[in-house]
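Lettering of chains follows the sequences in order, A, B, ..., and the numbering in each one begins at 1.
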Protein chains: 2
Amino acid sequence: MDGSETGKAAPTRNRDLVRLLETDIHLGRLGPGAWLRQIDLEAAYNATRLDIRQALDRLVEKRLVRHIARRGYQVEDFDPARVAQVMEVRAVLEVAAAALVIDRLDDTALATMQQHAEAFATALESGTVEDQEAANIAFHTAMLAPCPNRELVDLLFDLRARVPAAVIRRRNTMDLLRRGADHHFAIIRLIRTRDLPALQQVMRDHNLSPGAP
Amino acid sequence: MDGSETGKAAPTRNRDLVRLLETDIHLGRLGPGAWLRQIDLEAAYNATRLDIRQALDRLVEKRLVRHIARRGYQVEDFDPARVAQVMEVRAVLEVAAAALVIDRLDDTALATMQQHAEAFATALESGTVEDQEAANIAFHTAMLAPCPNRELVDLLFDLRARVPAAVIRRRNTMDLLRRGADHHFAIIRLIRTRDLPALQQVMRDHNLSPGAP
DNA sequence: TCCTTCTGGATTGGCGCCAATTTTGATGCC
DNA sequence: GGCATCAAAATTGGCGCCAATCCAGAAGGA
């Protein structure tokens with residue numbers, strides 16, 4: 001157990017626990033195979049045993065963690081084939097979402113997206129993985145904000161959470177990441193020109209590139 | 001508490017509990033607003049309090065049940081707008097799945113699908129809702145069996161579970177249901193003739209019709 | 001020196017108990 | 001007769017204890 005994000009003195013609640021652990025896994029602070037010992041978590045987060053167990057069970061549900069009887073919980077392995085399949089599903093849904101938002105994003109929204117796209121590009125060169133993720137998420141959140149189908153949006157973020165960024169970024173050259181950043185700017189341009197087919201093509205590429213942001 | 005499916009003498013395990021309750025909700029034996037009292041479930045399924053609570057928490061996670069502190073658990077209401085959005089997502093994914101299976105379904109598979117399509121049509125006229133659901137699920141399972149993207153398939157069935165059949169079927173005329181049955185036969189025909197565009201159109205209609213099977 | 005066996009310590013996981021809170025039913029008041 | 005008040009019963013929900021099991025390290029044998 002070495003995932004950080006300081007356990008505070010104030011007792012941590014159930015929902016927060018899930019989020020904290022999820023983040024640790026997502027960003028690679030807890031890698032595949034790492035053991036999540038109840039006793040350590042209990043002390044680290046100053047939570048009760050029951051809360052810890054519920055949080056871990058939720059992560060099992062989400063398939064981020066596996067449970068072995070009488071042994072404990074450990075971070076799942078992420079099979080590249082399965083990861084690719086999740087990406088494919090994401091691509092399909094992003095393409096569908098593009099059609100729903102292209103006419104609903106006004107200049108204000110595009111300006112916000114532009115900021116986040118720049119923040120992402122900057123973070124790539126001189127930021128932590130956390131910064132990159134935050135900027136990337138912010139970009140896509142802004143893009144999907146006017147989507148009327150909230151189920152679709154929720155599902156997209158859920159799919160995002162199924163594959164840790166750390167796992168994707170692993171075999172990821174700087175070139176590929178920069179291409180992801182370029183995608184962001186292309187997306188903004190294509191929304192501005194209302195070019196749906198080209199936008200959908202970019203969304204697809206964006207999601208299917210090996211280290212898809 | 002009046003959802004049946006007989007609690008056996010043998011203690012029911014956690015995973016089974018989730019499945020049993022899910023089925024009861026899906027088929028409308030437990031309707032929106034129905035209270036799921038821990039004590040009753042404990043007795044009905046001869047399970048421990050802890051198992052019951054875990055099962056209920058999982059249903060909360062799946063948004064089939066809502067939890068009110070110190071009051072208990074009750075079956076969620078299903079907002080028609082949200083249902084429509086889930087359907088839209090399903091439609092998008094079914095269309096994508098169609099492309100993946102159209103060249104992978106051989107005559108044997110089509111024959112199986114034909115059987116289930118006929119079973120569904122029959123059940124419509126003279127079967128219970130359970131029979132209809134079973135036949136319908138069997139049809140779609142057979143259709144998606146050769147889909148190489150299992151994440152996509154799992155997600156499709158997960159989306160199915162998010163909206164109880166009972167809720168959909170409620171405002172559903174016999175005509176609409178018969179049209180659903182016809183869709184099944186059209187699907188088989190279009191796969192046989194390898195007509196992907198037409199197949200995708202039918203898949204979309206099949207999922208978006210008010211009482212979508 | 002390396003491998004196998006055994007024991008002590010540590011961890012998990014389930015069960016039962018009980019306090020906090022809500023609901024139900026009865027009683028009295030307006 | 002209807003409504004507010006109150007007490008008893010029922011239900012939820014959390015905490016702690018302890019048995020079952022697993023792991024690490026020591027001891028013994030090849």
Requested in this report: Identify, with sequence neighbours excluded, every residue that meets salt bridge (charged side-chain N to carboxylate O under 4.0 Å, His left out) alongside B:D77.
Outcome: B:R66

**Report entry** Ion pair B:D158/B:R162, N-O distance below 4.0 Å
**Finding:** yes

Report task. Please identify each residue that fulfils side chain to side chain donor-acceptor pair (under 3.5 Å) with A:N136, with sequence neighbours left out. Result -> A:H140, A:H184

Query - Sequence-aligned protein contact record of nucleotides 7-20 of chain D, with B where the base is within under 4.0 Å of a protein heavy atom and S where only the sugar-phosphate is - result: ----SBBBS----B

Query raised in the report: Can a donor-acceptor pair be found between the side chains of A:N14 and A:Q54 at a distance below 3.5 Å?
Result: yes

Query raised in the report: For B:Q74, which residues count as a side chain to side chain donor-acceptor pair (under 3.5 Å) partner, sequence neighbours excluded?
Result: none

Query raised in the report: So, B:H26 and B:E133: side-chain donor and acceptor under 3.5 Å apart, yes or no?
Result: yes

Query - Terminal axes of the helix from C:dT1-D:dA30 to C:dC30-D:dG1 (five pairs each): angle between them, nearest 10 degrees - result: 10°

Report summary line: Across all chains, not counting sequence neighbours, the salt bridge (charged side-chain N to carboxylate O under 4.0 Å, His left out) partners of B:E130 are B:R29

